[in-house]
Amino acid sequence: MKLYNTLTHKIEEFVPMQQGKVGMYSCGPTVYSHPHIGNFRSFLVADLLKRFFEFKGFQVTHIMNITDVGHLVDDADEGADKLEEAAKKQKKDPMEIAQFYTDSFMQASKLLNIKPANKYPKATEHINEMIEIIKKLIDKGYAYVVDNNVYYNVEKFADYGKLSGNTLEELNAGARIEVNQEKTNPQDFALWKHDPKHLQQWDSPWGKGFPGWHIECSAMSSKYLGAEFDIHTGGEDNIFPHHECEIAQSEAASGKKFVHYWLHTRFLMFDGEKMSKSKGNLYTIQELVEKGFRKNAIRYSLISSHYRQNYNFTFDGLKAAQQAIDKIQQCVLRLEDLRKNAKAGEIRPELKDLSSNCLKDFDESLSDDLNISKALGVCFDFIREANKAENMNSTEAAALLDTINKIDSVLGVLEAGESEVPVNIIELAEKRKAAKLAKDWKTADAMRAQITSLGWTVEDTPGGGYRLKRAGEAG
Ligand SMILES: [Zn+2]
């Protein structure tokens, strides 16, 4: 099993700390808004990796945190707390906001058939653990207190920059002129913040305050996986400052190597553009499902490209994903029919080989730094050959089904298909929506007429969305 390690910039052989076991930590959502497809690409890569380890017989302990305090708008020490900002905007308590969006995250994870982590620790429930690490960092001379704030002194950690390449020399050369006067070095970061106006406050040896975002992951990962563990995953935007600071904190506090393999997922594009709130393309999983896309197609689409490549998510890609899954499902239907209705018998050697070669090649492909395109290629070669096999007996059908199930234990796309809106109907509805936005009423009406002629109705929903129903269907 080989993985690309961001820390060493190399593809390395994976050697677990404990034979047969993997400890894995993934930076989870900051629960101030609905997570979007870009966030989920990273969560799905973690899921794919975990499922593949399990396929290979490893026992995986997977921890994914929930950030419900301390994540500031600009990822560093400036700007408002994302949770607090959402709370003020919606006139709610921050914990209410956190619960609401945690539920949304869990629901979307379930829709995408993501295997639950062993634990989803919440930052607000681990304040004591954070305080303990901060105390240790102060004792060891890595952190200092100024006016009830605690900062990490990056100059004390010689390896600062080893993950991201952002060494102090480089950072200081490009530093902004406005610097926080409290900090010894402009690159020092907050471990504990004092802010009387902040809505979430805890007692600490340095007075009331709240933790910095980075210390949360150091505290929760070491609590559940130990001070040293195998794999840490996240999006590429987590590399700096978040993961760089996690390393500085954890290694200074424990004196151990924090993480052996760092895995980062590249950004998702939408239709060739960067995803952003202003472009309106930060789709959530629930929104795509409401549009009628199949949840397993969304999953397939988001895992179908290599995690170290930017992936361009498009509605056409979703359509292709649906077709790909249909191909597998048709093969499964035929095999199930044969398994139930054909006579029992011996498995022909060529079919035995077909299965064992498929599983071997699938394993080899994903063992090569999660080469998913190659693995999917292996899967579809198998489907094609299985479809060609004639006069199959029930024993053979059962064996081929078993192979597909083993592959799907990693891909996770074959859940029961629900009745769904056909892709061409969704496309017409999307064209109608675009035409309406452009105030092209003529095209919008023509699209509606086409949808109706195909036996569907489109209803507008508040906020500019729509709902598709089969004509005559209630609700
Ligand atoms: Zn984190």
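Both ligands and their constituent atoms are indexed starting at 1 by order of listing. The analysis underlying the following values was restricted to heavy atoms, covering all of them including side chains, and did not include hydrogens, waters or symmetry mates.
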| query | What protein atoms of element N, O or S are positioned under 2.8 Å from the Zn ion (ligand 1)? | reply | C27 SG, C217 SG, H242 NE2
| said: Less than 4.5 Å apart, side chain to side chain, heavy atoms only: is that true for V410 and F362? | reply: yes
| request: Determine whether the side chains of E84 and Q200 contain a donor N or O and an acceptor N or O closer than 3.5 Å. | output: no
| request: Kindly assign one of parallel, tilted or perpendicular to the pair H242 and W213, based on the angle between their ring planes and the thresholds 30° and 60°. | output: parallel
| task | Answer yes or no: is there an ion pair linking D139 with K135, defined by an N-O contact shorter than 4.0 Å? | result | no
| said: Within the structure provided, determine whether F189 and Q249 are in side-chain contact (heavy-atom separation under 4.5 Å). | reply: yes
Let me have the donor-acceptor pairs involving side chains of residues 25-37, under 3.5 Å, with sequence neighbours excluded, atom names and distances please.
unit_1, atom_1, unit_2, atom_2, d
Y25, OH, N65, OD1, 3.3
S26, OG, H62, NE2, 2.8
S26, OG, T233, OG1, 2.8
T30, OG1, H71, ND1, 2.6
H34, ND1, S104, OG, 2.7
H36, ND1, G38, N, 3.0
H36, ND1, N39, N, 3.4
H36, NE2, N39, OD1, 3.4

